2 protein chains.
Amino acid sequence: MRRVATELGTGAASLYAHVSNKGELHALMLDRIAADIVVPEPDPTRWAGQTKAIVRSMRDALVARPGIAAVAVAQIPIGAQALRVSDGLIAVLRAGGLSKKVIGFAVDLLPLYATAIAQEVAERKEEHASADDYAAVAQQLGEFFANLPADRFPNIAFLGPALSAGDREERFEFGLDILVAGLAAHRD
Amino acid sequence: MRRVATELGTGAASLYAHVSNKGELHALMLDRIAADIVVPEPDPTRWAGQTKAIVRSMRDALVARPGIAAVAVAQIPIGAQALRVSDGLIAVLRAGGLSKKVIGFAVDLLPLYATAIAQEVAERKEEHASADDYAAVAQQLGEFFANLPADRFPNIAFLGPALSAGDREERFEFGLDILVAGLAAHRD
DNA sequence: ACCTGAACACCGTTCAAGT
DNA sequence: ACCTGAACACCGTTCAAGT
């Protein structure tokens, strides 16, 4: 609140004439950010790809503002923009032929995934700020796993490099694949 | 740090003789908590159920300590207990016949889900502390969606009560179903 | 109705000083 | 080697006082 106020050229106390607390400001910020999320015109033949595109867009909108993902977890989004996105997501899932029940759950599950991934990115970025040493940390972690006692952790040893394979993007896309494949499997 | 120190009968400064900062304390706490997570003896015929059981156990361990889930997002767990759990999870997924590549990704994705769900529970609990009015809030939210203009949000309107159907447990189990079904679909 | 300065009740961390 | 009190640099929020 103090930093926001400073940015606006006032004191923190002045903000309380416009929002009742930090939570309300967060909710307003989140809905503004939701305006960036792109929802496509539903196409029944491409529902899986369209669903993925929406979740990607959600993640991008959150990742672009470090810190906001942590705020998103605490909120059920009911602003105008959030409703637009929810409606668009439901439209795509309907086009995919999913049942009402599955859609009702998926409309929570998919944003949860986007938020969790975005938060992970933001939180880890805090630790080792520069993107160049992300690879260095990843390699260091790989070495740590490789040097673990194989008799105590035989399955970690079995997995080997596969445990730390792939960058952030690949891992995100894998999760997206899993989720959409799982939704497809739940079609009646 | 101040509260922990008070609980221990000292001042906050004393803690810095044992941990270098709050993050290190969090890491230690997280590994302690991981001791509660139960991993079964792998049974190839029941890998899906066993995978679900581990994720449930992860969520339970986190939900039992409000606030710790938010901490878990920022950390790659490499303590002794976390490694035990990872090894056990990999063992079950191996028994399920998943490929190394899929296991390597799944060993991140499944804890991410447990953590995200646990955080949601903790964060929302802060808002409306008593569990009795959880149902009240849920109903209020259902009414809010029901009263939305159907011409502006036709897909939300189409979904109707399905949008807010199911309690927290059902929604968690649905996500678990989706994830495990998605993993099963990725078997080569 | 909106804004302000000052204060209140908090934080995590550091550091010189103690044993 | 371990502990301490005091201080530093922060927080979000309230409230009487101003316009």
Side-chain angles (χ1 to χ4, degrees), chain A residues 1-34 62-80 82 115 118-130 133 137, chain B residues 1-34 62-80 82 115 118-130 133 137:
Chain A
M1 301 302 276
R2 287 174 122 103
R3 277 201 60 220
V4 169
T6 306
E7 208 80 19
L8 262 45
T10 21
S14 302
L15 300 179
Y16 290 83
H18 303 96
V19 292
S20 60
N21 53 38
K22 195 169 67 146
E24 193 178 308
L25 181 56
H26 282 162
L28 292 167
M29 289 166 75
L30 214 51
D31 206 58
R32 274 268 214 165
I33 284 162
L62 292 169
V63 165
R65 287 85 166 186
I68 203 71
V71 156
V73 197
Q75 243 138 22
I76 303 166
I78 53 166
T115 306
Q119 202 184 347
E120 208 180 41
V121 172
E123 222 79 29
R124 303 256 224 269
K125 198 176 285 175
E126 249 172 53
E127 214 110 317
H128 38 276
S130 63
D133 57 14
V137 171
Chain B
M1 301 302 274
R2 288 174 122 101
R3 278 203 60 219
V4 169
T6 306
E7 207 80 18
L8 262 46
T10 20
S14 302
L15 300 180
Y16 290 83
H18 303 96
V19 292
S20 61
N21 53 39
K22 195 170 66 147
E24 193 178 308
L25 181 56
H26 281 162
L28 292 167
M29 288 166 75
L30 215 50
D31 206 58
R32 274 269 214 165
I33 284 163
L62 292 169
V63 165
R65 288 85 166 184
I68 203 70
V71 157
V73 197
Q75 243 139 20
I76 302 166
I78 52 167
T115 306
Q119 202 184 346
E120 208 179 42
V121 171
E123 221 79 30
R124 304 257 224 267
K125 198 176 283 175
E126 249 173 53
E127 213 110 316
H128 39 275
S130 63
D133 58 14
V137 172

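Here is the naming used below: chain letters follow the sequence lines, and residue numbers restart at 1 for every chain. Computed from a prediction, not measured in an experiment: that's the story for all the values here.
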So do the side chains of A:Leu62 and A:Gln119 get within less than 4.5 Å of each other, counting heavy atoms only?
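No; the side chains remain at least 4.5 Å from each other.
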Residue pair A:Leu8 / A:Leu15, side-chain heavy-atom distance below 4.5 Å
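Of all side-chain heavy-atom pairs linking A:Leu15 with A:Leu8, at least one is under 4.5 Å.
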A:Pro66 and A:Ala122 have their tightest heavy-atom pair at CA-CB, 4.4 Å
Counterpart base for C:dA16, defined by Watson-Crick or G-U wobble contacts under 3.5 Å:
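Checking every strand shown, C:dA16 finds its partner in D:dT4, with both distances under 3.5 Å.
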5'-most by nearest nucleotide on DNA chain C - A:Thr10 or B:Gly23:
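Nearest-nucleotide comparison on DNA chain C picks A:Thr10.
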With DNA chain C as reference, determine whether A:Gly11 or A:Arg2 sits nearer its 5' end, using the nearest nucleotide of each.
A:Gly11
Rounded distance in Å between the P positions of D:dA9 and C:dA9
22 Å
Counting heavy atoms from C-beta on, name the nucleotide in [options] closest to the side chain of [X].
{"X": "B:Ala17", "options": "D:dT13, C:dT13, D:dC3", "answer": "D:dC3"}
{"X": "B:Lys22", "options": "C:dT4, C:dG12, D:dC3", "answer": "C:dG12"}
{"X": "A:Ala13", "options": "D:dC11, D:dC15, C:dC3", "answer": "D:dC15"}
{"X": "B:Arg3", "options": "D:dC3, C:dC11, C:dT13", "answer": "C:dC11"}
{"X": "B:Tyr16", "options": "D:dT14, C:dT14, D:dT4", "answer": "C:dT14"}

B:His18 side chain near D:dA1 phosphate (N/O to OP1/OP2, under 4.0 Å)
no
C:dT4 OP1/OP2 closer than 4.0 Å to side-chain N/O of A:Ser14:
yes
Gap between atoms [atom1] and [atom2], on [X] and [N] respectively (whole Å):
{"X": "A:Leu8", "N": "C:dC3", "atom1": "CG", "atom2": "P", "result": "10 Å"}
{"X": "A:Leu15", "N": "D:dT14", "atom1": "CG", "atom2": "P", "result": "13 Å"}
{"X": "B:Met1", "N": "D:dC10", "atom1": "CE", "atom2": "P", "result": "19 Å"}
{"X": "A:Glu24", "N": "D:dG12", "atom1": "CD", "atom2": "C1'", "result": "15 Å"}

Can a donor-acceptor pair be found, under 3.5 Å and without considering hydrogens, that links the side chain of A:Asp31 to the backbone of A:Ile78?
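Absent.
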